[in-house]
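For reference, the structure is listed below as structure tokens.
The basis for the numbers below is simple: all heavy atoms, side chains too, and nothing from hydrogens, waters or symmetry mates. Here is the naming used below: chain letters follow the sequence lines, and residue numbers restart at 1 for every chain.
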Amino acid sequence: MENISISLSESGPGQVSEVRVDGVIDTNTARELEEVFDTLMKRGRYRVVVDLAGVEYISSAGWGIFISNIRDVRANAGDIKLANMIPNVYEIYDLLEFDKVLKAYSSVDEARSDFSSLTGTEVKKKTRM
Amino acid sequence: MIRRPVKEINAEFSAEEKYLDSIQRTVREACVAANMSRKEISAVLLATEEAATNIIRHAYLYEKGVLRLRIVIYRKFVVFSFIDFGRSFQPNSTGKIDLEKLVESGRKGGLGFYMMQKIMDSVEYISSASRNELRMIKRLGETKADTRPLIRRMWSLRMKFSIWTFFIVSVIIGGAFYYIDRQTSDQILDRLDNTVQSLVKTVADQAAGYFIRSRSDVEFDELVVSYVRANPELDLLVLTDTLGIVRAHSDDARNIRKPFVLPPGLDTTEAGPGPIRFEEDGRELNYLSWPILSGRRQFGEAHVVYSSEEVLRQRSEARWRTSLVTVLLLAVGVLGIYVLSNYFVRPIVRITQRVRRFASGDLESELPLGGAEEFFEISRALNEMMTRLSQDRKNIVAREKLAKEIEVASQIQQTLLPHELPDIFGLELDAFYRAASVVGGDLYDVFEIDPGRYCLVVADVSGKGVPASLVMSMLRTVIQIHAARAESARNILIRVDSYLKKNMPGGMFITVMLAVYDSAERSLSLVSAGHNPMLYFAAEDHEVRPINPSGMPLGMPVTLEGGFGDSLEERRMELHNGDLFFIFTDGITEAADREGRQFGMDRLAKFLRQWLVANGSEGVHTLSEALVAELDDFTGFAGPADDISFIIARAVVTGEADQTEGPATISSAPDDPEI
């Protein structure tokens, strides 16, 4: 069976959390990633960058995690940003037109900087309230 | 045609997550077989994973169940059917699922269906009372991408041809251009030199007149200036007297009466008769001098400096024009070559397409013959090959069918031979049968005619294989039926013969050795319808003798001397304990070794005698095994050229009382008869 390893570097509210996934996100391994997302949502970490550099394949279950969470994340002025997709994964992302709902970046830094430039100040105000 | 599937895959899995990999592997193999691109394959796998997971999780709720996968590959599309027998699932909407709406719902449900719809060209869910089918169709549009680098892909025959032709044509045209260019530039310079020379001559002639008439400096000056003005290629025209003093100078009148100084850079020391070329301030100039003569008297010299730059400039302009036209022509030529090569290569493309169609199963249509001689030949050769191949395939199919039928015939025939030999009081029996081909024309049979009387038959139908086996099948029944009504062995064969004459195709005949054994009398009545002799072993003297009652084969046309019955001799024999008779077909005696030597009657008789003397206490079944082994040894397992069959029967001591007086060596119990 394929393996998956997930490392989470979490930061304070309003800050960007980074999820680094390695391996294959298929029906069997998707649960682990789902748990990570559940934890993030519970703690109010709505600004998530997922580093997919080490992911060879994402099954429907994997995509489902991003798609099912994006509504709540957006409602809280956050976003899920996908970084470093390998060509095989990107092809599927492109084919399924997920670019309409999930943004892709070629590096983690790029994804991070997109957070700070767009909604940074607005979120800070909200958290202060 | 299009509807005919290229390949069909049916597989059944236990609906468990641990079998997902196997399911996906099956799908992948099908995709590869359908020649899908890597990208398409990974997309399809995503859709099928979703389909399989749905069945496991939602149709069976992780309970036990069966997932049936059926993949049908057509030439233009592939149909993936996932069939389950669990709960049917209600797709939220029958129409297209919108991704944005899906995100708004915030649920995962529906994403799978969305993905299937995006990946596949058609997704259908068909649900009946007991069975659900998710049918997804993927069109085969783009074939597998050519992974060769661009250069290799472009490196087609056409490309090669065009490049080489371009190269050769360029070299030829370039060479021709260079040659012509050189020629023209030399000609242009020559023409200039000639023009200037004749000009100088004219000037010198005129100047001679001026010298004779002692014209003034002004007149001299006008002369040179007018010439230089009229001829722009002239740079400088100077007239000197015999002492080298300038009389006229086109450039500067102040030089008059001064000695003529040659332009710097001009070296006249090695001057030949023609013009001298030299350079001044980067300009290419020519110098020419001509004596001013009148009759024999020389008055001085005319010096001219002229430039070839103007003509060279004109020439270079002309050269550009020529080059441009040349390059243009070359381009048109190359284009023409490419188009032409396409035209020539087209038959190859056509042939390739046809062969590919053949490979995918279209065995019928032929390549149109036409085009150039070479392609005509290729097409014809390919047509021949394809016709041969499809013919062969048909033949193979037919042959396989026939082989199957013969196998069935062989099985039927086996059932026609006696399964078990009857227990005959006072006789120990064994029989053997082996066909040369799958079906044989030999027959042996042992059956009870009426209580205490038994019929033993060995027959050989002429020829072998299917026709012989068909007659043989009939013969067994015919003999059994007629034996029941006949009063003697001879009578049986007469009745059988008359039946066969009416019911057997002409040209065939049968030889039969038939014995009627009477267990009460312990006697044997023997008739032979043209059969080879049987061998008789007498316990009394341990000798083996052939016994051959005369008779014509069954089914032979009636001869002049009389009917079949007249030819038939019946011989009666009394049997004693230990006597053995061996009735067989000539397949044994005519069995040949590698050098073509036959086993022969003598060898057979000798073998029987030796075996019986040495192993008299063994059952006859052991004898038949030994004989077959001996025969196989002899032929070297080449297999019998003809059918082989025989019956061995030995008279044995019977009853309690006899056992004490009979030879103790002979077993009273017959061996298990075996075919």
Side-chain angles (χ1 to χ4, degrees), chain A residues 1-4 23-35 37-38 41 46 48 52 55-76 78-82 85-104, chain B residues 15-25 27-28 36-58 62 96-121 123 134 136 138 141-142 145:
Chain A
M1 192 162 286
E2 304 280 359
N3 271 324
I4 188 171
V24 171
I25 311 179
D26 62 15
T27 317
N28 299 310
T29 61
R31 279 186 205 111
E32 276 189 57
L33 183 64
E34 198 161 11
E35 276 165 28
F37 264 84
D38 285 348
M41 296 303 111
Y46 296 117
V48 186
L52 295 169
V55 174
E56 294 158 39
Y57 172 76
I58 302 180
S59 79
S60 60
W63 292 112
I65 297 169
F66 305 137
I67 299 291
S68 60
N69 281 306
I70 193 76
R71 184 186 65 162
D72 292 343
V73 167
R74 291 261 166 81
N76 289 289
D79 200 6
I80 298 172
K81 297 188 189 297
L82 307 179
M85 272 188 267
I86 65 163
N88 284 1
V89 174
Y90 188 83
E91 270 171 13
I92 297 294
Y93 165 86
D94 189 49
L95 177 76
L96 296 173
E97 294 174 13
F98 286 151
D99 53 333
K100 285 185 191 165
V101 289
L102 289 165
K103 276 195 165 180
Chain B
E16 287 173 66
E17 288 194 345
K18 63 176 170 186
Y19 294 116
L20 259 178
D21 281 351
S22 317
I23 295 169
Q24 292 290 77
R25 208 173 308 128
V27 173
R28 178 184 287 276
M36 282 190 200
S37 72
R38 189 190 48 73
K39 185 178 164 183
E40 282 176 313
I41 293 175
S42 52
V44 165
L45 283 174
L46 203 64
T48 55
E49 183 185 5
E50 184 61 33
T53 314
N54 267 342
I55 290 175
I56 296 165
R57 292 190 177 165
H58 305 302
Y62 294 102
K96 286 265 172 199
I97 294 176
D98 185 53
L99 183 61
E100 264 105 15
K101 287 205 182 104
L102 208 65
V103 171
E104 275 167 42
S105 76
R107 293 186 304 112
K108 264 180 282 182
L111 178 67
F113 216 71
Y114 164 80
M115 285 172 42
M116 290 182 214
Q117 283 182 345
K118 265 274 171 265
I119 291 163
M120 299 292 191
D121 294 289
V123 181
L134 178 67
M136 302 185 282
K138 177 78 185 162
E142 42 181 296

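Residue A:Ile92 holds its CD1 atom at 13.0 Å from NZ of B:Lys118, rounded to the nearest 0.5 Å. Taken to the nearest 0.5 Å, the OH atom of A:Tyr57 stands 4.0 Å off from the CD atom of B:Glu49. Note: B:Lys39 NZ to A:Asp94 CG = 6.5 Å, rounded to the nearest 0.5 Å. Here the straight-line distance linking atom CZ of B:Arg38 with atom CG of A:Asn88 works out to 4.0 Å at 0.5 Å rounding.
Closest of all the heavy-atom pairs between B:Leu46 and A:Ser60 is CD1-N, 3.6 Å.
Of the listed residues (B:Ile119, B:Leu99, B:Leu20, B:Leu45), the one with the most heavy-atom contacts under 4.5 Å to chain A is B:Leu99.
In this structure, chain B has heavy atoms under 4.5 Å from both the backbone and the side chain of A:Leu96. With a 4.5 Å cut-off on non-hydrogen atoms, B:Ser42 touches chain A through its backbone and its side chain both. Both the backbone and the side chain of A:Phe98 come within contact range of chain B, each with at least one heavy atom under 4.5 Å from a heavy atom of that chain.
Around CZ of B:Arg28, the count of heavy atoms belonging to other residues, nucleotides or ligands within 6.0 Å does not exceed 12.
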